[in-house]
There are 2 protein chains.
Amino acid sequence: MNEQFKLDNQLCFRLYTASRLITQEYHPLLSQFGLTYPQYLVLLVLWEKDAQPVNDVAKRLVLETNTVTPLLKRMEAEGLVTRCKGLKDARQMIVSLTVKGKRLQDKLAAVPSAVGNAVICQSVTPQTVPVLYRMLDDIIEKLKAAGE
Amino acid sequence: MNEQFKLDNQLCFRLYTASRLITQEYHPLLSQFGLTYPQYLVLLVLWEKDAQPVNDVAKRLVLETNTVTPLLKRMEAEGLVTRCKGLKDARQMIVSLTVKGKRLQDKLAAVPSAVGNAVICQSVTPQTVPVLYRMLDDIIEKLKAAGE
DNA sequence: TTAATTTGTATCGTTCACGATGCAAATATA
DNA sequence: TATATTTGCATCGTGAACGATACAAATTAA
């Protein structure tokens, strides 16, 4: 049996599994506020900088606009954001936080540390996390560059 | 602005992005054989050990059976696997490779190294990959244990 | 200025993920 | 043996992801 085909030798399977399991950790913390994990990511982006075009939100999350558009529409239906046509460029759709969307930040104050603590283990500690971040960032940059 | 809410301080976002980008690397390599990445993972599992119940395949991939069942049905429709009722236990559905499913392994021989090479970068080299594997495996085990 | 191209979003179709639920076969308990 | 519980798989509904496509607004070129 070819070693390269072994599941235990697959980087992508590890990333895929770790990503899903951490997302599952977020689920009970976010669902009580009617949020999904991708919606939470949109909030993180808008909390950093409010009133951005769809394209900027998508780029920040490394997602396509055809993923982000329906996601934002659901958030608009929930009253978390507003979507208004751009004034300078009528093609743009500017996404802004509502008061409800802004206030959610305080209510979610416990989320980052709760998930952070759930991930701490033998080889992933506050001291070693930068090493992991560095590797993942390098992989992400490499693949973003490869995809132009 | 709370540091904990910054996107750049989120482990999960990195994992999520890295996972999606690597999966995108697989896409052109797999789609020419009509495969998706999760379907490729099922093949990896069955190439290691043929004829397994749905439950074992799902557990190996850390997925729920309600995710794996429709996935397997699509693979059955493509003639890659067969699904037969278990003889010992009539509740079980045994998934086995067809000749077509077995032969695909040779045709996909170039895939693992192609993706592996695409990921090599400054901080992720054949020497440092074990460190990354260790960290991801620890996180996965920690979260699997937390979810019982 | 008119025509060609690019850009920003949106729509559509397919395939995951996954919580909730249903059901039959197997096992445990009374 | 009858009943209760557990187990293995499937169905359903919702929300991502994403390739393909469409379309209008903006930009560039002729």
Side-chain angles (χ1 to χ4, degrees), chain A residues 12-13 15-28 30-32 34-42 52-78 80 83-95 147, chain B residues 12-13 15-28 30-32 34-42 52-78 80 83-95 147:
Chain A
C12 187
F13 175 60
L15 292 171
Y16 162 77
T17 303
S19 170
R20 284 189 308 99
L21 290 179
I22 299 192
T23 300
Q24 284 174 27
E25 283 294 311
Y26 278 97
H27 188 264
L30 297 178
S31 67
Q32 58 187 303
L35 287 175
T36 64
Y37 180 69
Q39 289 173 12
Y40 172 70
L41 291 182
V42 169
Q52 297 189 54
V54 171
N55 209 17
D56 289 15
V57 175
K59 278 213 167 63
R60 187 81 173 96
L61 297 178
V62 200
L63 289 168
E64 302 298 321
T65 61
N66 58 359
T67 297
V68 173
T69 291
L71 207 161
L72 290 173
K73 283 187 165 185
R74 284 185 285 268
M75 294 180 75
E76 184 182 37
E78 294 294 323
L80 299 173
R83 295 160 64 250
C84 304
K85 268 206 173 155
L87 298 177
K88 293 168 300 185
D89 190 331
R91 292 170 303 181
Q92 288 188 334
M93 206 60 149
I94 308 297
V95 185
Chain B
C12 188
F13 176 60
L15 292 170
Y16 163 77
T17 303
S19 170
R20 284 189 308 99
L21 290 179
I22 300 193
T23 301
Q24 285 175 27
E25 282 294 310
Y26 277 98
H27 188 263
L30 298 178
S31 66
Q32 57 187 304
L35 286 176
T36 64
Y37 180 68
Q39 288 174 11
Y40 172 69
L41 290 181
V42 169
Q52 297 189 53
V54 171
N55 209 16
D56 290 15
V57 175
K59 278 215 167 61
R60 187 81 173 94
L61 297 178
V62 199
L63 289 168
E64 301 299 319
T65 61
N66 57 0
T67 297
V68 173
T69 292
L71 206 161
L72 290 172
K73 283 186 166 185
R74 284 186 284 269
M75 295 180 75
E76 185 182 36
E78 293 294 323
L80 298 173
R83 297 161 62 252
C84 304
K85 268 207 172 156
L87 298 177
K88 294 169 299 185
D89 190 330
R91 291 171 304 180
Q92 289 186 332
M93 206 58 149
I94 308 296
V95 185

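Being a predicted model, the structure only gives us computed values, none of them experimental. The chains referred to below are lettered A, B, ... by the order of the sequence lines, with proteins before strands, and numbering in each begins at 1.
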- prompt: Taking atom P of D/dT11 as reference, at what distance in whole Å does atom CG of B/Leu72 sit?
  reply: 12 Å

- line: Whole-Å distance, B/Leu15 CG to D/dA17 P, equals 14 Å

- request: Working to the nearest 0.5 Å, report the span between NZ of B/Lys59 and CG of B/Leu61.
  value: 12.0 Å

Just the atom pairs and distances: protein N or O near nucleotides 25-29 of chain C's N or O, under 3.5 Å.
residue : atom : partner : partner atom : Å
C/dA25  : N3   : B/Arg91 : NH1          : 3.4
C/dA26  : OP1  : B/Ala90 : N            : 3.0

task: Apply salt bridge (Lys or Arg N to Asp or Glu O under 4.0 Å) to A/Asp89 and list each qualifying residue two or more places apart in sequence or on a separate chain.
output: A/Arg91

message: Can you confirm whether A/Lys85 sits close enough to A/Gln92 that some side-chain heavy atom of one is under 4.5 Å from a side-chain heavy atom of the other?
response: no

Any residue meeting salt bridge (Lys or Arg N to Asp or Glu O under 4.0 Å) with A/Glu64, in chain and number order, not counting sequence neighbours: none

message: Can you list everything that forms a salt bridge (Lys or Arg N to Asp or Glu O under 4.0 Å) with A/Arg20? Sequence neighbours excluded, please.
response: none

Residues forming a ring pair (Phe, Tyr, Trp, His ring centres under 6.0 Å) with A/Phe13, sequence neighbours excluded: none

Aromatic plane relationship, B/Tyr37 with B/Tyr26 - under 30° parallel, 30 to 60° tilted, over 60° perpendicular: tilted

- prompt: How long is the line joining CG of B/Asp56 and C1' of D/dC9, in whole Å?
  reply: 13 Å

task: Hey, could you give me the CG/CG distance between B/Leu71 and B/Asn66, rounded to the nearest 0.5 Å?
output: 11.5 Å

message: Treating primed atoms plus P, OP1 and OP2 as sugar-phosphate and everything else as base, which nucleotides of nucleotides 11-20 of chain C get B, S or - for protein heavy atoms under 4.0 Å?
response: B---SSBBBB

query: What integer distance in Å separates A/Met93:CE from D/dC23:P?
result: 18 Å

Interatomic distance, B/Asn55 CG vs D/dT6 P [rounded to whole Å]: 17 Å

- request: Mind calculating the distance between CD (B/Gln32) and P (D/dG19) to the nearest angstrom?
  value: 16 Å

